[in-house]
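Hydrogens, waters and symmetry mates play no part in the numbers below; they use all other heavy atoms, side chains included.
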Amino acid sequence: MNRKNALAAAVAAALALGSVTVVATQSSAAPRPTAAAGTSAARPGAGFRAMTADARGEAIRTADRNASATARALGLGPDERLVAKDVLIDADGSRHVRYDRTYRGLSVIGGDMVVHLAEDGTITGSDLAHQGAIRIAGTTPKLTAADASAKAVKHARHVKKAKAGSKDSTLVVYAVGKIPVLAYRSTVTGAGETGPASREAVIVDATSGAALDQYELHQSITGTGNGVTVGQVSVETTQTAGGYTLTDAAHGGTIVYDSYNSPQSNPRQNARAFSKTTNSWGNGTSSSRESAAVDASYGLAKTWDYYKNSFNRSGIRNDGRGAPAYVHVDNSLVNAFYDDNCFCMYFGDGSSQNGNTPVTAVDVAGHEMSHGVTAATANLTYSGESGGLNEATSDIFGTMVEFSAGNTGDPGDYYIGEKLNMSGGYLRRMDNPAADGRSLSCWTSGAGSADVHLSSGIGNHFFYLAAEGTGAKTIGGRSHTGTTCNNDTFAGIGKDKAAAVWYRALSTYMTSTTNYAGARTATLQAAADLYGTNSQERYLVSKAWAAVSVGTALPDPGTGTPTPSPTTPTPSPTTPPSGNALANGSFEQGTGGWTQSDSIITNSSLQAARDGSWYAWMMGYGTDAVESLSQSNIAVPSTGTPKLTFWLKVSTQESGSAAYDTLKVNVNGTTLATYSNANASSGYVQKTVDLSAYKGQTVKLEFAGTEDTYLSTVFLLDGIAIG
């Protein structure tokens with residue numbers, strides 16, 4: 001299941017400077033889950049071979065001939081078959097075969113996989129959407145196809161006045177999750193968000209009729225747009241019975257609406273989707289309401305493309321779902337914002353302050369969409385130094401989107417909002433934040449008390465120096481200074497490497513309470529992961545932090561000599577809640593603080609958390625499997641009677657009192673408690689483990705799951721605490 005963040009608290013996140021405010025609101029949402037990734041795999045390193053259509057066809061036929069042997073090698077069941085879908089061949093002859101699979105002739109949703117082979121045909125690794133063999137009780141449904149169609153119409157979210165016949169429902173195996181189930185896939189049609197011929201796929205349980213999944217079905221085509229800030233560009237649209245809408249199926253079904261100047265307090269009050277009979281949009285000026293919509297559609301698509309191409313991230317929550325966008329919000333509003341409560345983007349028209357230029361520039365769209373990415377990963381609290389990092393993250397990736405877009409009318413630079421016609425020429429500068437007379441270029445002890453739009457300058461300044469180094473440059477036709485807080489001089493690692501470091505730190509190590517010292521720790525670890533502990537990249541990242549007065553530079557890996565830097569604070573990047581020695585014991589910060597052997601921490605709607613949206617889902621494969629969830633460096637209290645408490649829910653297909661599938665609680669490698677399928681419960685039950693023997697010690701806590709060959713047991717964990 002995809003690791004996502006879902007903290008249900010709306011937090012304002014603003015792109016602001018002076019009297020201008022560009023706001024983003026962030027909170028939570030549960031994405032559609034995907035199953036765990038597979039085994040380690042050989043990856044292409046020297047580029048793919050070019051193949052003719054005939055060569056590709058023969059490669060697929062060869063993969064089909066080998067499908068049975070491949071299935072056996074992967075441990076799939078006797079009722080499963082593999083069907084080759086595509087083959088990529090590396091320059092060195094390695095092959096990467098993409099298969100779909102069936103179960104007793106039924107398509108398996110979530111059954112796809114990629115098998116990696118050496119040139120001699122030896123399997124070197126695999127990535128499976130669903131791990132292990134598919135096992136279900138049977139393929140005879142309790143619901144008829146007609147019943148399933150009726151249920152699908154009832155569950156449809158995006159299609160209104162829907163009509164679906166029994167012919168629309170097809171029996172499948174739904175394996176998106178740990179326990180496959182027999183299901184129906186239906187196509188519901190009718191009037192909806194994309195016009196009178198909208199279509200939605202709805203998947204229902206073939207036994208209960210419960211909705212398992214639903215998503216819109218689009219066909220995207222390319223139209224011509226003329227934006228206010230982006231000029232003439234191509235935009236993705238969707239054809240309807242009456243013409244076209246600004247619905248971008250290529251980017252998760254992102255739809256651009258005209259807010260019709262609905263008030264900021266209710267920006268969807270008068271909204272309607274942009275639609276017309278021709279596929280040409282806007283005239284390049286604000287006289288056409290479509291022009292701002294072109295800017296927004298283009299900017300959000302380029303942001304999606306940047307995250308996909310750079311980090312293989314599909315949209316804000318990495319669930320392939322686009323966020324609706326609304327332009328022309330309110331009147332004279334120099335404002336744009338993202339609201340995760342409704343998964344929406346909003347853009348104002350500007351005012352006389354900026355020549356009534358719509359707030360729809362590419363870096364602004366990238367900034368706002370990136371607030372959603374932050375909410376879905378580290379969920380940085382929007383206050384104190386964490387808030388500054390939140391804002392800096394959006395500036396960093398908004399800037400990277402601008403570079404990535406390669407728009408000739410808006411070339412990449414490290415100025416934020418330079419296309420908005422502000423009196424100062426920009427909203428912020430990353431190379432020299434203090435140039436505006438307000439933003440912070442260097443860390444001080446008062447940084448946490450500063451407005452987050454101003455303290456973001458520290459993170460922005462770091463990123464610029466890490467990417468570009470010191471010294472004066474002209475980038476995108478604009479002057480950049482690259483000054484430092486310690487008069488140091490050094491080279492940068494390049495913007496793409498710097499962005500990769502920041503993204504990995506954000507998505508892997510930062511949590512909601514990370515401060516600037518913690519961000520330094522996180523980025524140094526990320527640089528070590530990506531480029532090596534003794535790499536020049538990691539060294540220069542440390543130099544960039546020292547240059548903004550955060551920490552000291554590491555020893556030069558070339559000489560082993562540390563470079564002098566100012567003394568700075570060293571708080572921990574994550575601070576556990578009061579009374580709990582564990583970090584993120586409720587999992588509401590996603591994976592922060594935890595190490596997992598697989599994608600265990602989740603907010604999947606297929607199971608329920610005890611509190612909030614997030615929980616840990618261990619086991620449930622119905623085949624031989626092991627999993628581990630752990631946290632290290634836990635300081636057990638030195639006073640009182642310390643104990644571990646947690647909430648556990650056990651559901652199983654096993655029967656009897658024999659312990660076939662187990663969950664062990666290990667502390668420093670010693671098993672203190674064991675739970676099994678024999679502990680099945682209808683709900684969460686609180687468990688307590690005495691930790692008196694570890695009083696005052698630093699320990700590692702591990703939950704270790706083991707499942708045998710037959711029948712599944714699911715262990716759900718939530719609300720874990722040590723105190």
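Asn356 and Ser286 share no donor-acceptor pair across their side chains, judged by distance under 3.5 Å alone. Side chains of Glu391 and Tyr382: a donor on one and an acceptor on the other come within 3.5 Å. For the residue pair Asn261 and His328, no side-chain donor N or O sits within less than 3.5 Å of a side-chain acceptor on the partner. A donor atom on one side chain and an acceptor atom on the other are not found under 3.5 Å apart for Trp281 and Thr224. Side-chain contact of Gln232 with Asn226: a donor-acceptor pair under 3.5 Å is present, judged by distance alone. Side chains of His371 and Asp340: no donor on one and acceptor on the other come within 3.5 Å.
Remark: the backbone N or O of Ser310 is not paired with any side-chain donor or acceptor of Tyr503 at under 3.5 angstrom. A distance-only check finds no donor-acceptor pair linking the side chain of Ser404 to the backbone of Val401 [under 3.5 Å]. Between the side chain of Thr470 and the backbone N or O of Gly482, no donor-acceptor pair lies under 3.5 Å. In this structure, Asn390 contributes its side chain and Ser386 its backbone to no donor-acceptor pair below 3.5 Å. Side-chain N or O atoms of Ser291 include one that pairs as donor or acceptor with a backbone N or O of Gly284 at under 3.5 Å. Judged by distance alone, the side chain of His480 and the main-chain N or O of Tyr414 form a donor-acceptor pair under 3.5 Å. A donor-acceptor contact shorter than 3.5 Å links the side chain of Glu402 to the backbone of Asp413. Side-chain N or O atoms of Asn515 include one that pairs as donor or acceptor with a backbone N or O of Gly518 at under 3.5 Å. Without hydrogens or angle criteria, Ser456 side chain to His453 main chain gives a donor-acceptor distance under 3.5 Å. No donor-acceptor pair under 3.5 Å is formed between the side chain of Thr381 and the backbone N or O of Ser383.
Under a 4.0 Å N-O distance rule, the pair Asp431/Arg429 qualifies as a salt bridge. Between Glu468 and Lys473 there is a salt bridge, since at least one side-chain N of the basic residue sits less than 4.0 Å from a carboxylate O of the acidic one.
A pairwise comparison of heavy atoms in Pro267 and Ser262 identifies O-CB, 3.4 Å as the closest pair. Residues Tyr516 and Val550 share a closest heavy-atom pair of O-CG1, 3.7 Å. Residues Tyr298 and Ser234 approach most closely at CD1-O, 4.2 Å, considering heavy atoms. Residues Ala447 and Ser455 come closest through the heavy atom pair O-CB, 3.7 Å. Between Val228 and Thr357, the shortest heavy-atom distance links the atoms CG1-CG2, 4.5 Å. Minimum interatomic distance between Leu333 and Val359 (heavy atoms only, all atoms of both residues): O-CG2, 4.1 Å.
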Salt bridge (charged side-chain N to carboxylate O under 4.0 Å, His left out) between Lys419 and Asp410, worked out: CA-CA 7 Å; Lys419 295 290 288 184; Asp410 188 8; 5.4 Å; no

Intermediate values then yes/no, side-chain contact (heavy atoms from CB on, under 4.5 Å), Thr377 and Asn318: CA-CA 10 Å; Thr377 52; Asn318 201 22; over 6 Å; no

Check against salt bridge (charged side-chain N to carboxylate O under 4.0 Å, His left out), Arg428 and Asp395: CA-CA 9 Å; Arg428 281 191 289 279; Asp395 281 352; 2.7 Å; yes

Test log, rule side-chain contact (heavy atoms from CB on, under 4.5 Å), inputs Leu554 and Leu524: CA-CA 10 Å; Leu554 298 172; Leu524 289 177; 4.0 Å; yes

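For the side chain to side chain contact (heavy atoms under 4.5 Å, CB included) test with Phe347, the passing option among Asn335, Thr360, Val256 is Thr360; the others fail. Applying side chain to side chain contact (heavy atoms under 4.5 Å, CB included) to Tyr464 and the options Asn432, Thr399, Thr481, Ile475 leaves one that passes, Ile475. The ring-ring contact (aromatic ring centres under 6.0 Å, His included) test with Trp545 is passed by exactly one of Phe463, Phe462, Phe490: Phe462. A side chain to side chain contact (heavy atoms under 4.5 Å, CB included) with Phe274 holds for exactly one of Ile255, Thr247, Val294, Val327; it is Val327.
A cation-pi arrangement is present between Arg272 and Tyr260, with the terminal nitrogen or guanidinium carbon under 6.0 Å from the aromatic centre and inside a 45° cone about the axis.
Here the two rings, on Phe311 and Tyr306, have centers that are under 6.0 Å apart. The ring of Tyr307 has its center closer than 6.0 angstrom to the ring center of Phe397.
The list of salt bridge (Lys or Arg N to Asp or Glu O under 4.0 Å) pairs with a residue in residues 278-297, not counting sequence neighbours, reads Asp258-Arg289, Lys276-Glu290.
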